[in-house]
Engineer: 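This structure is in structure tokens; I'll ask about it shortly.
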Amino acid sequence: MMHNQWAAILFGYEKSSTARIDLMSKVKREYSTYFTHMNKYSFDEEKIKRDFPYLFGIEEDEEEGEYTTDSLIRDAIKAVKKEIIEQHDPKNLESFKGSDLALVRQQGKSYIYQVRLTMNDGQEPNIHESNPFILKVYDKEIACEAVDFDFITGVLFFTTNRYVNPASYCKVLLDSTFILDGLKQRLEDLKEVGIDEDLPFSKFFFDETEFINEVPHKPVPLSYYERLDRSQKKAFLSAIDHDFTLIWGPPGTGKSFTLASIIYAFYQLGEDRTVVCCLSNVAVDQLLCKLLDIIDDEGLRIKPGNIYRAGRSMDSRVIATDYLFPNDEKTQSLRKKIKQNQESIRSLKERKLEKSEESIVLKAANKELREELKEHTEFLVNSSRLVFSTISNFELSTNLYENRFDNLIVDEASMMAMPSLLALGHNISKRLILVGDFQQLSPISIVKDDMLTESVFEMSGVNIRNTGHPALYQLLSQRRSNEKIVDLINKTFYLGKLIPAAKPNEDIIKSEPFSGRIIALEKVTDGAVKYTKGGTRQNRAFAESVMRLLDKFSDDDHDFTIGVITPYKGQVSLLWHLMYERKYDEDYIKRIKIGTVHTFQGSECDVIIFDMVDCYQQENGKPNKIGRLYSGNGGERLLNVAVSRARHKLIIVCDPDYIKNIPGNTMTPNSHSLFNKLSKYSN
């Protein structure tokens, strides 16, 4: 129906037509979340039912008596349902216009297609190999998987199991709610069977995480333990001896090395089955490779199948490690084909043919081969003593979810909310080991529900004002960053307890720009913030300043890595475009990583350039308010992550006067303190 028709129905005819229409406009503006955006004046009935069930005669679950395990599971299901609804809202669903949809080749049962995406100003498609998405064409929605995406040309190559006629227009929708759907199903399964209240995880139900129990075990092999520092040894021993351990791993304190040592000890004990979970495939492979280093170092012989990498690994070392796979004919054949294709892709890349049809076909073939390898070897989940998986793969895999393990280790647990821990922890009988840094980024959610926004550290009562939890062990020796960079974050975010232990790299420090400086400010006083259609921000003057810095670094003969970090997706998009216009040497481009702060958590570079974006004015001349990303505790964590990625040199692109006198009071005293410290490096 039209605007004035709804106005008449809702407000009657006793009011004037103008008054009715004005009231309807106010409703639409203030309650826009309850309208579908595909049809401007259709109501989103599912969302209204969720928030106002009594209007439909729907009774909400009553919360009588004491809070139980069922109560927590029920609350988790409600929160996940809300998040699914919000993520499905068209205003939250990232979509791109597509053109020139064409078939590249049919390969087995799959079809390889290409489509050119048109990106709005500031859009930065987060599309990587194997990412699922929805293709909308000819009024149909088709499930697809990415093979390759060229950010500069906007060409996306993908596979689907359906034939699609060529089209001049289509839409690409990035929808990851299938992971949340899987999590919701796991929680609903859990609600049916319940949880054994004697398991370590039950501590969270009854607010008893401070009650730690000892776990009997054989003597621990200490050969690798001796290589740990004092704080790492304390965390190591607690993880082996107790049923619940929280390891606080500030940046650069050897969290992965400590974890790999704990995992190796569990394997050497030979008593238990352990599952290790990380947020991303890259993080899983990095941690697994740390364990492989220890195994190689110790000269240990591993029986094939005792260690299993669940899901699809893209790491060549993992694929090449024989004992991670069963020794049957099909497995060996699949691995051989993957390695051969990887070598062919590498050869094409060296010949500047990475985007050729031959290369795309090989990448598509490898994607299918990795999926086939995953399905063929999944039976190992039932028998392996060590299983590595992403959190989302665990939530989607019935086999993993239903398996019983003795120990659960979760890396980057500070970014994991309670519903995921429910799914992961329900079948863990002995030890729960959660590792992360609650002073870095927290769980990401559209719905502002504590169940989704508070990390498991916060759910345990741990925060910077309460670090006395008996299960909490802080790693202290900071081996990543130069002492001056550590000093920036130490007192502000880590109670001054970090011990700088990195050796200065004089070659990088002496290199231009800012020769001899470890921390420097690149002064930009003529910047202006642009608000893009996608709701993000750009600042061209700041981006051009970043490019001038990269120009200077490109003249250097060193091979150090450079990270360019910014809070805003729009600025990332602009930076990528400007960098490719520079036509730098490919070897130099490989050493540069550009991304948002969120994409950099867990990463590090020799040099970090932090592009702040915000400054005094907008492009239209109006005063600019600092972005909400910088506000509150979330802003603290964002700044901490941004500056702590740097090993040897940190450069802040900003207006020094602005960071010293940021208007408004949305930022915390800690954030102001950090900016004040940085402002002193402007000279």
Side-chain angles (χ1 to χ4, degrees), residues 87 89-98 117-128 131 149-154 156 171-174 176 441 444 446 522 524 526-550 562-582 592-601 603 608-631 634-635 637-639 641-642 645 651-655 658-659 662 666-667:
Q87 287 196 20
D89 190 314
K91 73 174 184 292
N92 294 323
L93 201 62
E94 195 167 13
S95 66
F96 304 91
K97 295 175 183 177
L117 302 186
T118 301
M119 290 164 276
N120 292 329
D121 193 15
Q123 278 190 310
E124 183 217 357
N126 188 24
I127 304 175
H128 304 286
N131 279 171
F149 177 63
D150 188 328
F151 183 84
I152 300 305
T153 64
L156 169 65
K171 263 192 172 183
V172 167
L173 305 175
L174 303 186
S176 60
L441 299 173
I444 300 170
I446 297 174
E522 175 71 0
V524 185
D526 60 346
V529 175
K530 174 184 178 181
Y531 289 74
T532 70
K533 291 179 181 178
T536 181
R537 301 186 185 198
Q538 293 178 330
N539 189 325
R540 191 169 189 90
F542 279 37
E544 290 284 5
S545 182
V546 171
M547 291 303 117
R548 288 192 291 273
L549 291 170
L550 292 178
I562 303 169
V564 181
I565 307 181
T566 180
Y568 301 106
K569 286 185 177 181
Q571 192 75 347
V572 170
S573 175
L574 178 58
L575 287 164
W576 272 114
H577 280 294
L578 291 177
M579 189 177 77
Y580 277 102
E581 285 176 3
R582 286 305 210 265
I592 300 170
K593 179 180 178 181
I594 300 176
T596 62
V597 179
H598 285 80
T599 64
F600 265 84
Q601 176 139 329
S603 300
I608 287 292
I609 302 171
F610 178 46
D611 179 350
M612 184 180 172
V613 177
D614 280 302
C615 60
Y616 277 118
Q617 66 175 358
Q618 301 176 35
E619 277 192 346
N620 59 15
K622 293 181 179 179
N624 177 61
K625 293 182 179 179
I626 194 162
R628 60 181 176 81
L629 288 174
Y630 286 103
S631 66
R637 295 176 184 131
L638 179 139
L639 288 170
V641 173
R645 303 305 95 194
I651 302 172
I652 313 295
V653 177
C654 64
D655 180 338
Y658 182 76
I659 68 168
I662 292 174
T666 63
M667 292 199 318

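Computed from a prediction, not measured in an experiment: that's the story for all the values here. Just so you know, these numbers use all the heavy atoms, side chains as well, and skip hydrogens, waters and symmetry mates.
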Engineer: Could you go through the side-chain contact (heavy atoms from CB on, under 4.5 Å) check for R540 and L578 one step at a time?
Structural biologist: CA-CA 10 Å; R540 191 169 189 90; L578 291 177; 3.4 Å; yes
Engineer: Test of understanding: with salt bridge (Lys or Arg N to Asp or Glu O under 4.0 Å), list the residues that count as partners of R645, not counting sequence neighbours.
Structural biologist: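 Salt bridge (Lys or Arg N to Asp or Glu O under 4.0 Å) check on R645 returns nothing, list empty.
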Engineer: Could you tell me the separation between the CD1 atom of I659 and the CD1 atom of I652, rounded to the nearest 0.5 Å?
Structural biologist: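 Going from CD1 on I659 over to CD1 on I652, the span is 7.5 Å.
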Engineer: Apply side chain to side chain contact (heavy atoms under 4.5 Å, CB included) to T666 and list each qualifying residue two or more places apart in sequence or on a separate chain.
Structural biologist: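 With sequence neighbours excluded, T666 shows a side chain to side chain contact (heavy atoms under 4.5 Å, CB included) to I626, S631, given in chain and number order.
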Engineer: Which value, rounded to the nearest 0.5 Å, describes the distance between F542 atom CZ and D611 atom CG?
Structural biologist: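 F542 CZ to D611 CG: 7.0 Å, rounded to 0.5 Å.
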Engineer: Taking the side chain as every heavy atom from C-beta outward, state whether N539 and M612 have any atom pair closer than 4.5 Å.
Structural biologist: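 No, too far: nothing below the 4.5 Å cut-off.
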Engineer: Considering residues at least two apart in sequence or located in another chain, which fulfil the ring-ring contact (aromatic ring centres under 6.0 Å, His included) criterion with Y531?
Structural biologist: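 ring-ring contact (aromatic ring centres under 6.0 Å, His included) list for Y531, sorted by chain: empty.
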Engineer: Among residues at least two apart in sequence or on other chains, which ones pass side chain to side chain contact (heavy atoms under 4.5 Å, CB included) with T118?
Structural biologist: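 In terms of side chain to side chain contact (heavy atoms under 4.5 Å, CB included), with neighbours along the sequence ignored, T118 is linked to K97.
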Engineer: Please identify each residue that fulfils side chain to side chain donor-acceptor pair (under 3.5 Å) with S95, with sequence neighbours left out.
Structural biologist: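 S95: no side chain to side chain donor-acceptor pair (under 3.5 Å) contacts found.
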Engineer: Looking only at non-hydrogen atoms, find the nearest pair between A541 and G527 and report the distance.
Structural biologist: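 The pair with the smallest heavy-atom distance is CB-CA, 3.7 Å.
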Engineer: For F96, give me all partners under ring-ring contact (aromatic ring centres under 6.0 Å, His included), at least two apart in sequence or on another chain.
Structural biologist: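 Testing F96 for ring-ring contact (aromatic ring centres under 6.0 Å, His included), a comparison that skips the adjacent residues, returns none.
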Engineer: In chain order, what residues pass the side chain to side chain donor-acceptor pair (under 3.5 Å) check against H128, with sequence neighbours excluded?
Structural biologist: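 Only N126 meet the side chain to side chain donor-acceptor pair (under 3.5 Å) criterion with H128.
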Engineer: Using side-chain heavy atoms (C-beta onward) and a distance below 4.5 Å, is Q87 in contact with N92?
Structural biologist: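 Q87 does not reach N92 side chain to side chain.
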Engineer: Measure the CG-OG distance between L550 and S545 for me, rounded to the nearest 0.5 Å.
Structural biologist: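 The distance works out to 10.0 Å.
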Engineer: Can you name the side chain to side chain contact (heavy atoms under 4.5 Å, CB included) partners of K533, sequence neighbours left out?
Structural biologist: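 Expected list: none.
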Engineer: Would you compute the distance between atom CE of M547 and atom NE2 of H577 and round it to the nearest 0.5 angstrom?
Structural biologist: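 With rounding to 0.5 Å, CE (M547) is 11.5 Å from NE2 (H577).
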Engineer: Look only at the side chain of Q601 and the backbone of L441, and say whether a donor-acceptor pair between them is shorter than 3.5 Å.
Structural biologist: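 Yes, because the side chain of Q601 sits within donor-acceptor range (under 3.5 Å) of the backbone of L441.
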Engineer: On a heavy-atom basis, which atom in A642 and which in I565 lie closest, and how many Å separate them?
Structural biologist: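 Closest approach of A642 to I565, heavy atoms only: O-CD1, 3.7 Å.
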Engineer: Indicate yes or no for a side-chain donor-acceptor contact from Q617 to the backbone of P623 under 3.5 Å, with no hydrogens or angles considered.
Structural biologist: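 No, the answer is negative, given that no donor and acceptor are paired below the 3.5 Å cut-off.
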Engineer: Can you tell me how far apart CG (L575) and OH (Y580) are? Round to the nearest 0.5 Å.
Structural biologist: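 With rounding to 0.5 Å, CG (L575) is 12.5 Å from OH (Y580).
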Engineer: Holding to salt bridge (Lys or Arg N to Asp or Glu O under 4.0 Å), I want the full list of residues that pass it with D614, two or more places apart in sequence or in another chain.
Structural biologist: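 Listed in chain order: R537.
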Engineer: What distance do M667 atom CE and L639 atom CG have between them, rounded to the nearest 0.5 Å?
Structural biologist: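 If we round to the nearest 0.5 Å, M667:CE and L639:CG are 7.0 Å apart.
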Engineer: Check whether any side-chain heavy atom of V572 sits under 4.5 Å from a side-chain heavy atom of Y568, and report yes or no.
Structural biologist: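 They are not in contact (no side-chain heavy atoms under 4.5 Å apart), so the answer is no.
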Engineer: Under the salt bridge (Lys or Arg N to Asp or Glu O under 4.0 Å) test, which residues partner R548, sequence neighbours left out?
Structural biologist: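 Once residues adjacent in sequence are excluded, R548 has no partner under the salt bridge (Lys or Arg N to Asp or Glu O under 4.0 Å) criterion.
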Engineer: Run the numbers on L549 and V653 for side-chain contact (heavy atoms from CB on, under 4.5 Å), then give the verdict.
Structural biologist: CA-CA 10 Å; L549 291 170; V653 177; 3.9 Å; yes
Engineer: Any idea which heavy atoms bring A543 and L574 closest together, and the distance?
Structural biologist: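 Minimum heavy-atom separation between A543 and L574: CB-CD2, 3.8 Å.
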Engineer: If the condition is side chain to side chain donor-acceptor pair (under 3.5 Å), which residues does R582 pass it with, not counting sequence neighbours?
Structural biologist: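 Counting only residues at least two positions away or on another chain, R582 forms a side chain to side chain donor-acceptor pair (under 3.5 Å) with D551.
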Engineer: May I ask you to test the V546-I594 pair for a side-chain heavy-atom distance under 4.5 Å?
Structural biologist: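 SC-SC contact between V546 and I594 ruled out.
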Engineer: Return the set of residues passing side chain to side chain donor-acceptor pair (under 3.5 Å) with K593 (not counting sequence neighbours), or none when no residue passes.
Structural biologist: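 Listed in chain order: S603.
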Engineer: Minimum heavy-atom separation for Q571 to Q538, with atom names?
Structural biologist: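 Scanning both residues, the minimum pair turns out to be OE1-CA, 3.2 Å.
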Engineer: Locate the shortest heavy-atom distance separating T566 from F610; write the atom from each residue and the value.
Structural biologist: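 In this case the closest contact between T566 and F610 is CA-CE1, 4.3 Å.
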Engineer: Give the minimum heavy-atom separation between Y630 and P567, together with the two atoms involved.
Structural biologist: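 Smallest interatomic distance, heavy atoms only, reads OH-CG, 3.2 Å.
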